[in-house]
Structures are given as structure tokens and as C-alpha cells.
Amino acid sequence: MPALWVSCTLGILVAGVAFVSLCGAVPSNYLHLEYCVIGAGPSGLQIGYFLQQSQRQYLIFERSNISGSFFVRYPRHRKLISINKRYTGKQNKEFNLRHDWNSLLSHDDNLLYKHYSKDFFPHADTMLQYLNDFTRTFKLKVQYNTEIKWIEAKRDPQAWNGLYFFLTDQNDHHYRCSVLLVATGLGVPHVPDFPGSEHVEGYETVSVDPDDFVGQSVLILGRGNAAFETADNIAGVTNFIHAVSRSRIRLAWATHYVGDLRAVNNALLDTYQLKSLDGLLEGDLENTVLIQDKKGKLHLRLRHHFFKNNTFQDMSYNRNEQLLLSEEVADNLAVRLPYDRVIRCLGWKFDFSIFSNLTKPQRGRGRMNKYPLVKATYEAENLPGMFIIGTASHSVDYRKAAGGFIHGFRYTARAVHRLLEHRYHGVHWPATVQPISQLTNAIIKRINEASGIYQMFSVLADVVLLQKNATGFEYLEEYPVGALPYLWENTGKNAENGLFVINLEYGINFSKPEADVFHPSRSVGEPKHAWLSNFLHPVIYFYRRLPTETEMMQRPKLWPLPRPRHIHHIVEDFLTDWTAAKAHILPLRRFLETCLGTDLRNFFAESCFKFALTNQHLPPFCYHGYLNKQGLLGNENWQHTYSGDEMGHLSGVSIEEHSHQHLSSEQREKPLPITTT
């Protein structure tokens, strides 16, 4: 029996967000799920893995019959531009993920991408195989051949967020979801509408056989990786190739943004600059007209040649052709020569059409309008319980970090899962608790190994929460920077005793299209100049209290966080290895000591013994190790002359007696060795 939908609008307030929802009847036949995931691409499978590991009720809907169906067709020329760096000289898995741009996160080392391809830029077919192996290995719950055609929300006081999401597929089957995770990616090609645009071929359908372009003159609309990938494929057989775009070319090595033009695709730059007929042009397609002449040739002209007083003049093709051939129009015009083909390579955008008007996510602002607008937690701005993950969530870090790509959104998906676990299941954000004496070591370890904060720099950061009197700390990994004011709500952790935020950043004046990033003084090497570092480097912020939402909004331009009480830059390093004793560790420790007002140095037992006899306050290391009869953190066997309790006499036990209490009968017969740790 088909379900009935009643169209009745009602203004409601849920979780502090005002929106309009549907009321009335719900589908009479539906499957209820806690988590609905739309799309079995990389991001859908990644969030599915985390839901599976936490044993949550979920289902992934995939319109195709395989996982990762996008890679069946794209990229059209089959070479991925996500690097597959198989060797780093290290065995540390976390560190190696910094340079592995294709693997999803899992506990199975067999599912690292290096086992699937030896190519630095792998073939797309290997990604297809990888994603389907990932699905099968973890037995992810994917319902194939199911295309979600319509999504609506209905208020219900029993729902987790005060509303349920109702999904309808192509077979009119219905599903009710407590939480909706949209992992559809950007699946709609951007198709501009201008006079003559009907003559344009799309990247998604144009031939990839170079033989089809022999002896032709080609115009490519767009100057991203898809455009240059297309140009490289046919450059050897064409008369010439022109590429036009409204903005100047952005090179990834100049902007440090992985989505900009990559070196592997930029051969057309050589043929342009070396005057080998190919060329690049800047121009807005809204100001152009494409005319086809009697011979089928295509001519690109400026709009004002055919529009007067902003009114289109209805002219025949004969009249148009006369204008095209007139000296006044064509004399020295850069695009005066005709083209045989015009190819559109203008990127993709999010599919908003599957949402009802009242459930549709808001669009991003400005040039980000191809993305849905989401919060720093990746929750839809206007609808609680709807999360956008994967490529479609890139509005959070557009043109900055790697959130639109596998090596970025695998970490943001994990962050979303941790948020879900806390909000709906009472599972606090994972954290490690350590004595304050280990703070320097903990930070050094993370900045030298962590892959999440490395790839999602200035978007995900580590947060250190201080305990009362700074005797210890909790270490939270990869928390969304923009959601810092809501730390308690999202993690169950409070920062009432102060906090550090460990971030990775580029220099604010270093990354831009026009910058000469190869200038001789592009890097600094002295710790005293660390704040001038240009390349990616750690920055530690210290706050007495959590920044407020207002402070986040009013933070200085290009700053990821508000002004802290203290800030410390660790000087950039050519090897991104921040382990130098004098250049990296010593300045960091002194910064932490200044913020905490304590001594974070490590000491031998003899030194702790002397401090105990001559000082009222011992360094934290002596409290946490020496006085607790411990050596290295976590090692309860303190092996040295006096069994780790040279202060035994303070409790009425002599040093010798206390040391002998921890020795075996055989050891007691032998002289005590004089050693220290």
C-alpha cells in the first residue's frame, strides 16, 4: 500500500535552530534506522566502518551495484592525482598515513593502498577494487541498487533531534532515520548557460580517444585539473589548445592547496609559455557568445558584439557570421581563430534536488555555493541531525586543507563519528590522561607522527585540557577547531583549568597564486624567528578558558583561532621532523613551563633526592616518578640503588630497610649496586 504524505507546514524550534518542517501523516510502511548513510563512496564507507566498529544500527544506500561507482567513470583519463607514497623510511603507520592519500582508516594493515598499486599516481580501477575489498572485508551494510530520490523531515518528540528524516527510493520504498549522513559527493556537473552553450561538450561525455581530435583546434572551458588532464590527453594530436577561465591559474605548489592545478597535469603551461601555439586566457563566460558558422566551426566572441543596451538582438546566423568575419570584431582578437570542439571542464556541484524545500541544506556563500553550508561539526546549518561528510563537506576548509579529498575527509568522518557517539550514546571523546611531566613528550610525539592534524591543518587540532593545579592533563586528538567554544557539548570534557591547542599552520603570507614560493629566503631556521615560518609548522595556543563563539567570529583575519594568552611557533623544519633538542624541544618546553609556572624537566634519581632535601617544591617529574617509586611513565619497577624510595625515612622506614623490602632473598645477600635512571 503506497504511503501518504501530508503537506502541512509548521514552524518549530529544535536544538536552538528555527526551521520549518512537515507535519501530518508519515509513510505507513517504512524501515526505521538509527543511521542512514547516502552513498557508498570513500566517505560513506569510512563512516560506515566507524559505525560498524561501534556496533550501531546503520545502512548505506548506494544507487549503483558496487561501492565507489564514481571511479568506474572518473577521472575520465583514469589517472588519480592522489599520491601513493609507498616508502617513507619509517615503519610508523600513523606517520606513513601523512603521505598515503588513498587509504581509508581501519585496523587492518592489509587494507593500505600500497598493497593495491605500485604507481605513484594510481589507475582509477585500483581504487574501485580497493573500495569494494574494504566493503567486503568489514562486511559493511550496503544496500546496492537503491537510489534515494526524496528526503523530507518530520517533527517527532521521540526522535533524537526532535525530528526524523524520511527517505524514499526509486522503488517507492520508505526509510525513517534518526540521523542522516549525506555522503553523495559532488555529482552534478557545472553547466553554464550562455548564448551558444548548446554547442559545448561536457567533460563527463567527451571522447577520451586522442584519435578523435587529430588535426583539430580545441577550446577548453576551465583551468582546473580536469581541464588540464583533458588537454594533456590530446595535446600531441591537436592543432592547438586554448583554455579559458574567469580566474588566474592556481598552482598547487604555490597555494599549498591539493585541489589546485597539480604538476602532473600542467604540461600545457610549457607549450603556452614556450609559444608552441597553445594558450591560456582569462575571461568570464557570462560575457561571451559561442557562434557556429556554416562549416560547423565554433567562434568565441565577446557578448557586447551581439548585445546592445543589454538587449539581445535577434539576428540570423548569416548576420552573425558577417560579424564574426568583420575586421572590426576579429582584428587582433586573441580568439579570432575558429575551434572545431569546445569542451566544458568546470567542475561539479552538490545535488540539492533530492531534498524537499523545507529539508534542503542551505547553500554555501559566494564561490562555495556548490557546497551545502555546514557547521564546524559538519552538521547542516539549518537542520540538526543531518551531517554532510566527504567531498560535499569541503565548505568548511575550501581552498585550504584536504577536506574535499580522501586523505582529508577520512579524518573529518572520524571526528563526526566521535561527535555522534557522544551526543547520542554518551561516549565521551577519546582522551588519554597523563601527569603534567609528560606534556612535552606527548606534544612532540603528536606533531611528529599524527596524520589527521597534518592533512587537516587549521581545521582539526589536538586539545590539551589541564587538570586542577596543572598536575596532569587530558589529551584529545583531532577536534574541529571551529567548534572549540562547544567543547563540553561535543566531547563531555571541560576546560575550566585552562587548555592548549596544538595546530599546524602555514605562514599567513606564504600561500597565494601570485606568490613566489621559491624565493631564496622562503624559510627560516632560527628558533627565535619561528613566528616567521612559512612552511607547515606547529603552533601552540594557550588559553586560560575556552574561547567564546563571539571571540571565534571576531578572530584576526586568517587566524584559525582567537588571540590566546600565549602562543608559540615551533620553527619550520625541512624534514618536517621537530625533534631537534635545541631548535624544537627546548623552546617548546620553556614555553609550556612559562604557561604553567612549573618545571617540566626530567631528572635522575639523585637529583630528585637532593631536591627533596633542599626544596619545598619538587619538580613534577620527581613527584610522578621518584616519589611514586616509578621510573619511566608506566613502569612500576624503579630499578636503582635504593629501590626508588630514597625518601623512605620520611615515613619511619630507613633507606636501606625500604630498599631491601623490594629485593628477593638472593638479591639481599648481594651488595646493592650503585645505578641511576
Colleague: Supply the atom-to-atom distance Asn448 CG to Thr576 OG1, rounded to the nearest 0.5 angstrom.
Modeller: 8.0 Å
Colleague: Walk me through it: do Asp351 and Ser353 pass the test side chain to side chain donor-acceptor pair (under 3.5 Å)?
Modeller: CA-CA 6 Å; Asp351 185 5; Ser353 67; 2.5 Å; yes
Colleague: Looking at Asp100 and Arg86, is there a salt bridge between them, counting it only when a charged N and a carboxylate O are closer than 4.0 Å?
Modeller: no
Colleague: Look at the side chain of His417 and the backbone N and O of Phe50, then say whether any donor-acceptor pair between them is shorter than 3.5 Å.
Modeller: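 Pair found, side chain donor or acceptor close to backbone of Phe50.
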Colleague: Give, for atom CD of Glu381 and atom OG of Ser395, the distance between the pair rounded to the nearest 0.5 Å.
Modeller: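 Reported to 0.5 Å precision, the distance equals 9.0 Å.
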Colleague: Taking Glu204 first and then Arg344, would you say they form a salt bridge - that is, a charged N and a carboxylate O separated by under 4.0 Å?
Modeller: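 Yes.
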Colleague: Around Phe518, counting heavy atoms of other residues, nucleotides and ligands shown, do more than 12 lie under 6.0 Å from its CZ?
Modeller: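 Enclosed.
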Colleague: Passes ring-ring contact (aromatic ring centres under 6.0 Å, His included), Phe350 versus Phe352? Steps please.
Modeller: CA-CA 6 Å; Phe350 183 74; Phe352 291 90; 4.9 Å; yes
Colleague: Nearest 0.5 Å, what's the CG-CD1 distance between Leu131 and Ile66?
Modeller: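 Leu131 CG to Ile66 CD1: 9.5 Å, rounded to 0.5 Å.
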Colleague: Salt bridge (charged side-chain N to carboxylate O under 4.0 Å, His left out) for Glu201 and Arg341? Distances and angles first, verdict last.
Modeller: CA-CA 8 Å; Glu201 301 175 75; Arg341 317 265 295 256; 2.6 Å; yes
Colleague: When the ring centroid of Tyr113 is compared with that of His115, is the distance short of 6.0 Å?
Modeller: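 Ring centres of His115 and Tyr113 not closer than 6.0 Å.
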Colleague: Consider only side-chain N and O atoms of Arg410 and Gln46, and report whether a donor and an acceptor are under 3.5 Å apart.
Modeller: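 No donor-acceptor contact under 3.5 Å links the two side chains.
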Colleague: Under a 4.0 Å threshold between the charged nitrogen and the carboxylate oxygen, would Arg246 count as salt-bridged to Glu282?
Modeller: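 Salt bridge absent between Glu282 and Arg246.
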Colleague: Strictly distance-based, threshold 3.5 Å: is any side-chain N or O of Gln292 a donor or acceptor partner for the main-chain N or O of His199?
Modeller: no
Colleague: Between Asn84 (side chain only) and Pro122 (backbone N and O only), is there a donor and an acceptor less than 3.5 Å apart?
Modeller: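 Not at all, since once roles are kept as given, no pair shorter than 3.5 Å links the two residues.
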Colleague: Say you draw a straight line from CD1 of Ile241 to OG of Ser217; how long is it, rounded to the nearest 0.5 Å?
Modeller: 9.5 Å
Colleague: Ignoring hydrogens and geometry, is there a side-chain-to-backbone donor-acceptor pair from Arg76 to Val208 under 3.5 Å?
Modeller: no
Colleague: With a 4.0 Å cut-off on N to O distance, would you call Arg414 and Glu478 a salt bridge?
Modeller: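 Looking at Arg414 and Glu478, the cut-off is met.
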Colleague: Measure the CD1-NE2 distance between Ile83 and His407 for me, rounded to the nearest 0.5 Å.
Modeller: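 Answer rounded to 0.5 Å: 7.5 Å.
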Colleague: Using a distance-only test with no angle check, is there a side-chain donor-acceptor pair under 3.5 angstrom linking Asn92 and Glu449?
Modeller: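 Short answer, yes.
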Colleague: Could you check whether Tyr130 and Tyr116 have their ring centres less than 6.0 Å apart?
Modeller: yes
Colleague: If the threshold is 4.0 Å, N to carboxylate O, is there a salt bridge linking Arg446 and Glu477?
Modeller: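 Looking at Arg446 and Glu477, the cut-off is met.
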Colleague: Run Asp209 and Ser207 through side chain to side chain donor-acceptor pair (under 3.5 Å) and show every step you take.
Modeller: CA-CA 6 Å; Asp209 185 356; Ser207 172; 5.4 Å; no
Colleague: Within the distance-only criterion (no hydrogens, no angle test), does the side chain of Ser393 pair as donor or acceptor with the backbone N or O of Gly390 below 3.5 angstrom?
Modeller: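 Yes; judged by distance alone, with no hydrogens or angles, the pair exists.
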Colleague: Please check if atom CG in Asp193 has more than 12 non-hydrogen atoms from other residues, nucleotides or ligands closer than 6.0 Å.
Modeller: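 Not buried by this count: 12 neighbours or fewer within 6.0 Å.
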Colleague: Would you say the rings of Tyr49 and Phe138 are close, in the sense that their centroids are separated by under 6.0 Å?
Modeller: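 When the ring centroids of Phe138 and Tyr49 are compared, they turn out to be within the sub-6.0 Å range.
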Colleague: Could you go through the ring-ring contact (aromatic ring centres under 6.0 Å, His included) check for Trp101 and Phe121 one step at a time?
Modeller: CA-CA 10 Å; Trp101 290 12; Phe121 295 107; 8.6 Å; no
Colleague: Is the CZ atom of Arg73 crowded by more than 12 outside heavy atoms at less than 6.0 Å?
Modeller: yes
Colleague: Ring of Tyr398, cation from Arg367 - is the NZ or CZ under 6.0 Å from the centre and inside 45° of the axis?
Modeller: no
Colleague: Given the rule in the side chain to side chain donor-acceptor pair (under 3.5 Å) test, do Ser451 and Glu94 qualify, once you have shown the distances and angles that lead to the verdict?
Modeller: CA-CA 6 Å; Ser451 56; Glu94 180 69 11; 2.9 Å; yes
Colleague: Atom OH of Tyr454 and atom CZ of Phe95: how far apart are they, to the nearest 0.5 Å?
Modeller: 7.0 Å
Colleague: Would you say the side-chain atoms of Asn503 pair up with the backbone N or O of Pro538, donor to acceptor, closer than 3.5 Å?
Modeller: no
Colleague: For His537 and Glu505, indicate whether the former's side chain and the latter's backbone hold a donor-acceptor pair under 3.5 Å.
Modeller: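 Checking the backbone N and O of Glu505 against the side chain of His537, a donor-acceptor pair under 3.5 Å is found.
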Colleague: Does the structure place the NZ or CZ of Arg223 under 6.0 Å from the centre of the six-membered ring of Phe228, at an angle of no more than 45° from the ring's axis?
Modeller: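 No cation-pi geometry.
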Colleague: What pairs meet the salt bridge (charged side-chain N to carboxylate O under 4.0 Å, His left out) rule with one or both residues in residues 116-135, with sequence neighbours excluded?
Modeller: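 Listed by first then second residue: Arg78-Asp125, Asp133-Arg136.
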Colleague: Hey, are the side chains of Pro42 and Leu104 touching, using non-hydrogen atoms and a 4.5 Å cut-off?
Modeller: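 Yes, at least one pair of side-chain atoms sits under 4.5 Å.
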Colleague: Mind checking whether Phe535 and Tyr506 have ring centres under 6.0 Å apart?
Modeller: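 Distance test on ring centres: not under 6.0 Å, no.
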Colleague: Working note: His394 + Asp397, criterion side chain to side chain donor-acceptor pair (under 3.5 Å); need CA distance, chi angles, decisive distance, verdict.
Modeller: CA-CA 6 Å; His394 197 28; Asp397 63 308; 3.1 Å; yes
Colleague: Could you tell me whether the side chain of Glu62 and the main chain of Gly39 form a donor-acceptor pair under 3.5 Å?
Modeller: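 Not at all, since once roles are kept as given, no pair shorter than 3.5 Å links the two residues.
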Colleague: Measure centre to centre between the rings of Tyr339 and His299, then say whether the value is under 6.0 Å.
Modeller: no
Colleague: Does the side chain of Val459 come within less than 4.5 Å of Val481's, by heavy atoms?
Modeller: no
Colleague: If we only count heavy atoms from C-beta on, is the Pro338 to Leu298 side-chain gap below 4.5 Å?
Modeller: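 Pro338 vs Leu298: side chains apart.
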Colleague: Picking from Leu268, Leu269, Asp270, what satisfies side-chain contact (heavy atoms from CB on, under 4.5 Å) with Asp278?
Modeller: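 Of the listed options, the one satisfying the test is Leu268.
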Colleague: Ignoring hydrogens and angles, tell me if any N or O in the side chain of Asp293 forms a donor-acceptor pair with the backbone of Gly296 under 3.5 Å.
Modeller: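 Yes; judged by distance alone, with no hydrogens or angles, the pair exists.
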Colleague: Give me the one residue out of Arg250, Lys400, Arg399 that meets salt bridge (Lys or Arg N to Asp or Glu O under 4.0 Å) with Asp260.
Modeller: Arg399
